[in-house]
J.: 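One structure follows; several queries about it will come next.
All of these numbers come straight from a predicted model, not from anything done at the bench. When reading the values below, keep in mind they use all heavy atoms of this one structure, side chains included, and skip hydrogens, waters and symmetry mates.
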Amino acid sequence: MSTSAEPRVSGLEVRSIDYVPLDERHGKLWHLGPLWFMSNAQIATLAVGLVSITEGGNLVWSLLAIVSGTVIGTFFMAFHSAQGPQLGLPQMIQSRPQFGYVGALLVWLFAYVQYAGFNVFNSSLAAEALHTTVHGGVKLWVVVVTVVALAVALVGYDVIHKAERFLTYLFLVIFGIFTVGVLVTLHYPAGSFDLGAFKWTPFLAQFGVVAGYQISWAIYVSDYSRYLPPDVTVRKTFYWTYFGSALGGVWLMVLGTLLAAWAGKDFVTIPSIDNAGDKVFSGFGAIVLLFSALGLVSVTALNMYGGSLTLISAIDSFRRVRPTLAVRLVTLAFTAALSLVGALAATSNFLENFENFLLLVLYLFIPWTAVNLMDYYVVRRGHYAIAEIFNPNGIYGRWGWHGIIAYLVGFAVMVPFFSVGTLYVGPAAEALGGADISLFIGLPVSALLYWWLTRSIDVAAETRLAEAEAAELEQAAHEHREP
């Protein structure tokens with residue numbers, strides 16, 4: 001059945017989880033660099049760098065844990081980014097070939113919780129920064145931040161890329177000055193750079209939170225590369241994503257651990273940034289906080305955008321959804337309302353437990369990233385029948401037991417190695433003195449088990465089907481019939 005193409009509303013993105021046809025592909029590959037740099041270069045990321053210091057580690061080992069965690073965690077998220085131009089699809093809908101048309105709801109539920117959790121933290125932090133500088137009340141600013149982020153997310157893909165490029169240039173100036181000030185004017189306690197003061201537990205806690213934070217971006221990444229043409233190559237897409245995200249992440253996390261080492265027990269994110277900025281010159285702390293609020297608005301928009309795509313994917317599992325602007329608007333508004341309610345109800349206890357939230361995110365997405373990457377790069381080697389991803393009775397089935405089993409087994413073997421503050425310490429982690437090495441258990445187990453379970457998949461047959469359906473897929477995408 002054919003329907004006429006929906007007219008595009010100027011400036012507003014219509015596409016959501018649907019395939020982006022080749023003649024709509026646009027943008028420059030290097031735009032991924034500033035997008036992922038600025039997504040990480042905001043003060044929510046700074047909070048990720050506090051863990052080791054607050055748990056008794058010294059400064060030099062905290063810095064090493066941050067760098068190593070970033071190097072490893074970013075590796076996985078950047079490989080997910082490279083899927084976008086090749087498939088023309090947002091990230092989470094790509095889970096259907098591994099988990100099934102309905103079975104992918106397992107990871108989509110976790111992804112949506114992540115979007116909501118990060119938005120509660122980000123909007124609360126932005127509101128606090130604005131209240132500290134221009135006053136007006138935290139709750140008022142939570143509403144303002146949410147509304148502005150919703151507007152950015154509604155306009156969509158192109159404006160998000162442009163906003164992140166603009167903010168990157170401002171960041172390099174403002175945070176460049178701030179970072180020099182932190183390095184020159186602040187003093188650190190004795191033993192901060194003593195390599196002999198190594199402690200396993202705070203080092204691995206910091207490493208795990210950093211790696212988890214970087215891996216948590218994996219559910220976003222191809223959302224922001226899917227409009228690029230497929231000839232940009234996997235390698236170059238990986239490089240621009242990797243180095244942008246890693247540099248932004250390391251910069252802010254290092255700032256976080258430097259500020260925490262300087263302030264000690266008196267460290268509180270917003271006041272400490274304000275005080276450190278004023279040591280450069282009077283009033284500079286307010287400038288840093290105001291710019292930081294803009295960065296948090298932009299990343300809140302990213303979360304709303306990704307949350308909307310995940311929600312549409314979930315609804316489509318039960319009832320076919322035709323991609324329209326109205327669908328985007330409704331799901332964005334719902335996602336924004338959810339984050340608004342959460343931020344208004346958030347307590348200081350929630351914000352203090354951000355570390356635990358990050359660890360839980362890491363645990364939930366380690367098996368998923370292992371399965372998804374193993375499927376894309378090893379099992380199917382990038383060959384998918386994209387039209388079948390939107391077919392509830394297609395070749396990928398309603399339940400992808402290979403992926404589900406690999407995910408559940410990988411998660412199960414990690415449980416004894418979990419170490420989540422006072423919430424839970426598994427027996428293996430306890431035997432290691434509270435050190436958390438679950439990342440190194442779950443990744444190989446899920447990946448290798450999925451590979452072993454999928455040895456009988458006929459990739460050549462799927463490739464032939466994809467070629468046969470290619471022309472119809474392009475036509476259906478133009479007419480907004482797919483999914």
Side-chain angles (χ1 to χ4, degrees), residues 48-49 51-52 55-57 60-80 98 107 110 114 198-219 221 238 242 245-246 249-250 253 257 355-379 402-421 423-454:
V48 180
V51 176
S52 179
E55 293 191 4
V60 68
W61 283 109
S62 298
L63 296 174
L64 290 171
I66 286 169
V67 172
S68 57
T70 302
V71 166
I72 292 176
T74 312
F75 178 86
F76 297 99
M77 68 84 73
F79 268 120
H80 285 289
Q98 302 99 52
V107 290
F110 299 151
Q114 175 184 310
F198 178 75
K199 296 179 182 178
W200 266 112
T201 301
F203 179 86
L204 286 177
Q206 183 68 78
F207 175 91
V209 167
V210 170
Y213 188 73
Q214 293 301 99
I215 290 174
S216 72
W217 291 107
I219 67 171
V221 281
F238 173 89
Y242 185 94
S245 180
V250 166
M253 292 177 207
T257 202
E355 172 193 345
N356 292 338
F357 175 74
L358 288 173
L359 284 171
L360 291 173
V361 166
L362 171 67
Y363 298 150
L364 292 171
F365 284 103
I366 282 174
W368 169 78
T369 197
V371 167
N372 184 267
L373 292 179
M374 177 61 75
D375 187 65
Y376 186 89
Y377 288 101
V378 178
V379 175
H402 298 148
I404 293 171
I405 291 170
Y407 179 96
L408 294 177
V409 171
F411 186 85
V413 298
M414 290 167 59
V415 172
F417 297 89
F418 288 171
S419 182
V420 194
L423 296 181
Y424 174 78
V425 179
E430 191 171 355
L432 293 169
D436 188 330
I437 61 169
S438 57
L439 170 68
F440 303 105
I441 306 299
L443 270 171
V445 169
S446 289
L448 292 174
L449 179 56
Y450 183 78
W451 170 80
W452 185 77
L453 291 171
T454 55

J.: In terms of the angle between their ring planes, are Trp368 and His80 parallel, tilted or perpendicular, with boundaries placed at 30° and 60°?
T.: parallel
J.: Determine yes or no for a side-chain-to-main-chain donor-acceptor pair under 3.5 angstrom, with Thr74 supplying the side chain and Val71 the backbone.
T.: no
J.: Would you check if Ile215 and Leu439 make a side-chain contact, meaning some heavy-atom pair closer than 4.5 Å?
T.: yes
J.: Tell me the closest heavy-atom pair linking Thr454 and Tyr450, and the distance in Å.
T.: OG1-O, 2.8 Å
J.: Could you give the distance from OG (Ser52) to CG (Leu204), rounded to the nearest 0.5 Å?
T.: 10.0 Å
J.: Between Ser245 and Gln214, what is the shortest heavy-atom contact and its length?
T.: OG-NE2, 3.1 Å
J.: If we ignore hydrogens and angles and just use 3.5 Å, is the side chain of Thr369 paired with the main-chain N or O of Phe365 as donor and acceptor?
T.: no
J.: Side chain of Ser446, backbone of Leu443: donor and acceptor closer than 3.5 Å?
T.: no
J.: Evaluate the side-chain proximity of Leu373 to Phe76: yes if any heavy-atom separation is below 4.5 Å, no if none is.
T.: yes
J.: Between Pro416 and Val413, which heavy-atom pair has the shortest distance, and what is it?
T.: CD-O, 3.4 Å
J.: May I ask you to check whether Phe411 and Phe418 place their ring centers less than 6.0 Å from one another?
T.: yes
J.: Between CE of Met414 and CZ of Phe440, what distance do you get to the nearest 0.5 Å?
T.: 11.0 Å
J.: Between the side chain of Tyr377 and the main-chain N/O of Phe79, is any donor-acceptor distance below 3.5 Å?
T.: yes
J.: Do the rings of Phe198 and Trp61 sit parallel, tilted or perpendicular, given the 30° and 60° boundaries?
T.: perpendicular
J.: From Phe207 CZ over to Ile72 CD1, what is the distance, rounded to the nearest 0.5 angstrom?
T.: 3.5 Å
J.: Any salt bridge (charged side-chain N to carboxylate O under 4.0 Å, His left out) pairs touching residues 361-376, not counting sequence neighbours?
T.: Asp375-Arg380
J.: Side-chain donor-acceptor contacts of residues 402-409 below 3.5 Å, not counting sequence neighbours, with atom names and distances?
T.:
residue	atom	partner	partner atom	Å
His402	NE2	Leu453	O	3.4
Tyr407	OH	Leu364	O	2.7

J.: Would you please indicate yes or no on a ring centroid separation below 6.0 angstrom for Tyr363 and Phe110?
T.: no
J.: Please, which pairs that meet salt bridge (charged side-chain N to carboxylate O under 4.0 Å, His left out) have at least one residue in residues 440-454, sequence neighbours excluded?
T.: none
J.: From Thr70 OG1 over to Phe75 CZ, what is the distance, rounded to the nearest 0.5 angstrom?
T.: 15.0 Å
J.: Do side-chain atoms of Gln206 reach the backbone of Val51 as a donor and acceptor pair under 3.5 angstrom?
T.: yes
J.: Taking all non-hydrogen atoms of both residues, which atom of Val210 and which atom of Gly69 are closest, and how far apart?
T.: CG1-C, 3.5 Å
J.: What's the shortest heavy-atom distance between Thr257 and Ser62, and which atoms?
T.: OG1-CB, 3.3 Å
